[in-house]
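First the structure, in the form of structure tokens, and then the observations on it.
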Protein chains: 2
Amino acid sequence: MADGFAGAPPGFRPLYRQVKALLIQRISDRQWLPGQAIPAEPIIAAELGVSQGTVRKALDEMAAENVLVRRQGRGTYVARHDEARILFQFFKIVPDGGVPVFPDSRLRSVTQGVADAAESRALALAPAAPVIRIARLREIAGVVAISEYLTLPAALFPDFPGEDVPNNLYDFYAARFGITISGGQERVKAVAASSDDAAHLGLVAGAPVLLIDRIAHALDGTRIEWRRSYCSTEACSYVGELK
Amino acid sequence: MADGFAGAPPGFRPLYRQVKALLIQRISDRQWLPGQAIPAEPIIAAELGVSQGTVRKALDEMAAENVLVRRQGRGTYVARHDEARILFQFFKIVPDGGVPVFPDSRLRSVTQGVADAAESRALALAPAAPVIRIARLREIAGVVAISEYLTLPAALFPDFPGEDVPNNLYDFYAARFGITISGGQERVKAVAASSDDAAHLGLVAGAPVLLIDRIAHALDGTRIEWRRSYCSTEACSYVGELK
DNA sequence: TAGTGGTCTAGACCACTTC
DNA sequence: AAGTGGTCTAGACCACTAG
């Protein structure tokens, strides 16, 4: 293993973190693809010349961060964006008296343009960089509950389709463009619905709706998507865990 | 170590989880108090007749759940509800262009009564069980931004003061009543502000505000507090991490 | 200098899955 | 039966804190 030395003693990087960084690199480089099993612990350990325990500690951390999925007796897999996984991990809107369901989408438009100031800032792009904009509605339990607007850096999504955009976008980003969303941050506010959104959501203009402002990034931290979801909370809520 | 056997082989409980359960019990029983250091790993290992590695795995899990704080070279401590910790862990409202700050409180009222249906359900109490109700306002950056209402089971809070309730409630619960909040769930909605809340928040009646509905529980899962916070998001947001 | 948690190793055995 | 991850042990050494 390379030690990754750079400077003074205060900088100390444990071996297992170096192993982890190397394995993340392999996933980021698409040497190991989502859904595939990675080599068994003893194999990786022998290849890198470290003990199995060290590899294990790296793998355990990656599993804790939902980058890998470990299954006793079967193997260790690169995580996939199954609907079930997204539902559990990225989708915090749940119907009030029921179980979480993955919402259906109705595409409204896909357009190309250049980033405005807010988009450049949100996605850390150069001014006027080309972007793709998507508008769509989402149904929860058969009722339109969300009107959302997305902005993507066009450079990362060559030949993005103008229609037939799938419901599960993160799965689509991975399958079609090799981009895996690994995390993000959301800021939630209460705002008055625009007359346009209100009409779609079956509300009167000015009714209170949730604005969920999300910036999602890839494994290496690159910002991939800026999403603004206007959500009626008549029959559903945004949930947060305190731990 | 007791094996905790009860039935058939399918039920398998690793040794380190039994250790963890026992240590949590000691904290729950207040044998080890918040802020105190617990015995060093080799001491606990010898006492329980397990290896240090097994104790370590239990302690690491508890540290990951914020029940313990480990400090290299110093020791392992039972977590305290410092302002800094609550701010980071339980308080998800942040000012829009600044750093998170712990909000000041203005107490409005403390009353005693019997639980209504909603309160009984939220706190899993018997119908008409005695409860304590608190109403207060909270300031972020000098501006009243939150109007909140709390309900507590009176049985757990004997001789609760009618005034001079501190700003940091979770610290107060721990110091005065020996109750440590360890987690909870929040459901967030957008609603129209009542005329009373709107007046306190400096909004017009009916303006959109965030309703944050929180149920907080202790280490052993007992429900301790039901809190409804009506929050103006003019200058702050509710943040959520996606991981 | 002594004591703490943090890392790393090596090896044994267990539980689960698949063939 | 073979192969995987999961648990448990024992011991060495490192990094950090305190006296």
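So that the names make sense, note that chain A is the first sequence line, chain B the second, and so on, each numbered from 1.
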Return the residues of residues 52-72 of chain B meeting this criterion: a heavy atom under 4.0 Å from some atom of DNA chain C. Order them by number, or give none.
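Here the set is B:R56, B:R70, B:R71, B:Q72.
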Please report, rounded to the nearest Å, how far the [atom2] atom of [N] is from the [atom1] atom of [X].
{"X": "A:L15", "N": "D:dC13", "atom1": "CG", "atom2": "P", "value": "17 Å"}
{"X": "B:R13", "N": "D:dC8", "atom1": "CZ", "atom2": "C1'", "value": "17 Å"}
{"X": "B:L48", "N": "D:dC8", "atom1": "CG", "atom2": "P", "value": "13 Å"}
{"X": "A:E41", "N": "C:dT9", "atom1": "CD", "atom2": "C1'", "value": "14 Å"}
{"X": "A:I43", "N": "D:dA2", "atom1": "CD1", "atom2": "C1'", "value": "14 Å"}
{"X": "B:Y16", "N": "D:dG5", "atom1": "OH", "atom2": "C1'", "value": "12 Å"}
{"X": "A:K20", "N": "C:dT7", "atom1": "NZ", "atom2": "P", "value": "12 Å"}
{"X": "A:Y77", "N": "D:dG5", "atom1": "OH", "atom2": "C1'", "value": "11 Å"}

On the six-membered ring of B:Y238, is A:R187 placed so that its NZ or CZ lies under 6.0 angstrom from the centre and within 45° of the ring axis?
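Not flagged: A:R187 not positioned over aromatic ring of B:Y238.
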N or O in side chain of A:T76 less than 4.0 angstrom from D:dG5 OP1/OP2:
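Result: yes.
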So does B:R74 get a side-chain nitrogen or oxygen closer than 4.0 Å to the phosphate oxygens (OP1/OP2) of D:dA18?
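True: B:R74 side-chain N/O within range (under 4.0 Å) of D:dA18 OP1/OP2.
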Could you spell out the base pairing of DNA chain D as a dot-bracket line? Use Watson-Crick and G-U wobble contacts where both distances are under 3.5 Å, [ ] for crossing pairs, | for partners on a different strand.
||||||||||||||||||.
Checking contacts here: which listed nucleotide (C:dT4, C:dT7, C:dT9) is nearest the side-chain heavy atoms of A:P14?
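Output: C:dT7.
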Tell me, please, which residues at least two apart from [X] pass side-chain contact (heavy atoms from CB on, under 4.5 Å).
{"X": "B:E148", "value": "B:R136, B:R138, B:I146, B:L150, B:R227, B:S229"}
{"X": "A:R30", "value": "A:L33, A:P34"}
{"X": "A:K20", "value": "A:R17, A:I24, A:A58, A:E61, A:M62, A:E65"}

Write down the atom of B:Q18, the atom of B:R13, and the distance for their closest heavy-atom approach.
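Smallest heavy-atom distance, with atoms named: NE2-O, 2.9 Å.
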Can a donor-acceptor pair be found between the side chains of B:N167 and B:S105 at a distance below 3.5 Å?
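The criterion, which ignores hydrogens and geometry beyond distance, is satisfied for B:S105 and B:N167.
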Would A:T151 and A:R228 count as having a side-chain donor-acceptor pair, cut-off 3.5 Å?
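The answer is yes; a qualifying pair exists.
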Side-chain donor or acceptor of A:S182 paired with backbone N/O of A:A218 under 3.5 Å
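The answer is yes, because a donor-acceptor pair under 3.5 Å joins these two groups.
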Among residues two or more places apart or on two chains, list those pairs meeting side chain to side chain donor-acceptor pair (under 3.5 Å) that have a residue in residues 168-177 of chain A.
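Sorted pair list: A:Y170-A:R214, A:Y170-A:E225, A:Y173-A:E225.
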